[in-house]
Amino acid sequence: VRAAARDHRVAFLMGLEGAHGLGENEPSVLLERLAELAQQGVRYVTITWTNDNVFGHASTGAHPGRGLTDPGRSLVARMNELGVMVDVSHVSDRTALDAIEVSRAPVLASHSGARAVGDHPRNLPDTILRRIGQTRGAVCINYYAQFVDPTYGEARRALEREHRAEFDALPRGRSWSTSAARNALARRLAPELHPPTLRTLGEHFAHVAEVAGPEVPCLGSDFDGIGELPRGMDDVSDLPALLRELERRHLDVRAVAGENVLRVMASAEATARRD
């Protein structure tokens with residue numbers, strides 16, 4: 001990553017969002033597949049996606065009060081051995097705390113917010129933010145409007161229920177770009193309903209820095225997986241506006257924009273070398 005930056009090139013990192021992607025075979029087989037993916041360049045694995053799996057439980061799964069399973073503990077240990085970052089976005093609170101306890105390397109939350117700012121199960125409570133900070137991990141902030149401001153999210157979902165036929169006539173997308181028609185319809189039907197702004201998004205970064213430490217917040221975006229962005233963040237070209245908002249809040253922009261994640265990656269690699 002650093003070499004690419006020096007050469008003014010873009011570095012892309014591969015990850016597996018949801019360890020259910022390893023399959024449903026015997027755990028030993030799944031750990032072999034993990035090693036194969038690591039050899040191919042996968043550098044982080046999210047323990048769960050929106051669903052529970054053999055390794056652990058999700059914040060939006062059937063059992064959000066449960067944590068890592070025994071195979072999940074083996075998964076985290078194997079990720080440490082391989083230098084693969086342990087990602088605790090999407091997981092239940094108990095799964096996150098279990099992963100932090102089991103992992104010998106700092107963990108990463110690749111796309112989560114602060115629950116104290118936006119009370120949604122996909123955001124992290126202060127207890128977990130503090131533990132991530134204490135273990136020198138990182139929390140990359142998700143830009144999804146309905147996670148940034150869950151009150152707005154509730155109002156938006158109510159609008160879609162009220163006008164179900166009109167919304168059902170439009171295609172559903174997994175990104176803000178493929179959801180443009182649905183967002184435009186929402187604005188026509190309820191012009192008084194405003195999504196959160198960059199300032200609200202900046203509040204998530206500031207809260208994580210305050211609770212967990214300035215070396216913890218990072219850029220999470222989730223551009224390819226969310227249906228709506230805050231006002232002022234139409235796409236990646238608006239990143240400078242977000243960085244200005246972070247500067248306004250006196251956050252370390254260099255740390256947030258890359259150094260915090262690179263530190264976690266380096267720690268994962270160092271843990272693997274020690275093995």
Side-chain angles (χ1 to χ4, degrees), residues 12 15 17-18 20-21 46 48-52 58-62 64 87 89-92 109-124 139-208 217-246 248:
F12 286 92
E17 187 175 8
H20 64 285
T46 320
T48 75
W49 187 49
T50 61
N51 51 296
D52 300 336
S59 62
T60 53
D87 181 13
S89 284
H90 275 294
V91 307
S92 69
S110 64
H111 56 304
S112 296
R115 197 175 299 174
V117 179
D119 189 6
H120 191 283
R122 273 287 282 109
N123 293 331
L124 298 175
V139 176
C140 301
I141 304 301
N142 194 314
Y143 303 171
Y144 185 30
Q146 295 190 26
F147 294 166
V148 172
D149 182 357
T151 301
Y152 166 77
E154 291 173 6
R156 171 64 188 265
R157 290 190 294 275
L159 179 69
E160 295 196 11
R161 289 193 297 270
E162 182 181 354
H163 299 273
R164 184 178 302 277
E166 292 167 88
F167 281 99
D168 284 350
L170 298 174
R172 290 185 176 274
R174 289 299 310 174
S175 75
W176 88 100
S177 58
T178 54
S179 300
R182 302 177 68 84
N183 295 334
L185 175 60
R187 288 192 291 272
R188 288 198 301 273
L189 293 172
E192 75 285 356
L193 183 60
H194 299 297
T197 66
L198 271 179
R199 289 211 166 196
T200 310
L201 178 59
E203 190 175 347
H204 283 264
F205 286 89
H207 185 83
V208 170
C218 44
L219 304 176
S221 79
D222 203 16
F223 275 130
D224 64 340
I226 56 178
E228 189 175 17
L229 293 158
R231 284 181 289 167
M233 177 57 78
D234 291 334
D235 56 39
V236 71
S237 68
D238 288 320
L239 183 58
L242 175 58
L243 299 184
R244 287 193 294 273
E245 172 63 19
L246 301 183
R248 187 185 71 81

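Across Gly232 and Ala241, no two heavy atoms sit closer than the pair O-CB, 4.4 Å. Pairing each heavy atom of Arg172 with each of Asp168, the nearest pair is NH2-OD1, 3.9 Å. Of all the heavy atoms in Arg156 and Arg182, the pair that sits closest is NH2-O, 3.5 Å. The heavy-atom pair separating Glu245 from Gly202 by the smallest distance is CG-CA, 4.0 Å. Minimum heavy-atom separation, Ala114 to Val208: CB-CG2, 4.2 Å. When all heavy atoms are compared, the tightest approach of Pro121 to Ser59 is O-CB, 3.4 Å.
For the side-chain contact (heavy atoms from CB on, under 4.5 Å) with Ser112, the lone residue among Leu124, Asn142, Ile141 that qualifies is Leu124.
Distance check: Asp119 CG to Thr151 OG1 gives 8.5 Å after rounding to the nearest 0.5 Å. The line from CG of Leu198 to CD of Glu203 is 13.0 Å long, rounded to the nearest 0.5 Å. Expressed to the nearest 0.5 Å, how far OH of Tyr152 lies from OG1 of Thr197 amounts to 12.5 Å. Between the OG atom in Ser221 and the CG atom in Asp235 there is a gap of 11.5 Å [rounded to 0.5 Å]. For the atom pair CG (Leu243) and CZ (Arg248), the distance works out to 14.0 Å, reported to the nearest 0.5 Å. For the atom pair OG (Ser177) and CG (Asp224), the distance works out to 9.5 Å, reported to the nearest 0.5 Å.
With contacts defined as side-chain heavy-atom distances shorter than 4.5 Å, the pair Leu201/Pro230 qualifies. Here the side chains of Glu228 and Pro195 are in contact, with some heavy-atom distance below 4.5 Å. The shortest side-chain heavy-atom distance between Asn51 and Thr60 does not fall under the 4.5 Å cut-off. Contact of the Val117 side chain with the Asp149 side chain is not registered, since no non-hydrogen atoms from C-beta on lie closer than 4.5 Å. Between Glu166 and Leu189, the closest side-chain pair of non-hydrogen atoms falls below 4.5 Å. Contact annotation: the side chain of Val148 approaches that of Pro196 to within less than 4.5 Å [non-hydrogen atoms, C-beta and beyond]. Leu229 is not listed as a side-chain neighbour of Tyr144, based on a closest heavy-atom distance of 4.5 Å or more. Between Thr48 and His20 the shortest side-chain heavy-atom distance does not fall below 4.5 Å.
Side-chain N or O atoms of Thr46 include none that pairs as donor or acceptor with a backbone N or O of Asp87 at under 3.5 Å. Between the side chain of Trp176 and the main chain of Asp234, a donor-acceptor pair closer than 3.5 Å is present. At distances below 3.5 Å, not a single donor-acceptor pair connects side-chain atoms of His111 with backbone N or O atoms of Ser89. In this structure, the side chain of Ser175 does not engage the main chain of Ile226 through any donor-acceptor pair within 3.5 Å. Looking at Asn123, its side chain never comes within 3.5 Å of a backbone N or O of Arg115 through a donor-acceptor pair. A donor-acceptor distance shorter than 3.5 angstrom exists from the side chain of Asp52 to the backbone of Ala62, with no hydrogens or angles considered.
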Residues Arg164, Arg161; criterion side-chain contact (heavy atoms from CB on, under 4.5 Å); working and verdict: CA-CA 5 Å; Arg164 184 178 302 277; Arg161 289 193 297 270; 3.7 Å; yes
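There is no side-chain donor-acceptor pair under 3.5 Å between Gln146 and His120.
The aromatic rings of Phe223 and Tyr143 sit perpendicular, their planes meeting at an angle over 60°, well past the 30° parallel limit.
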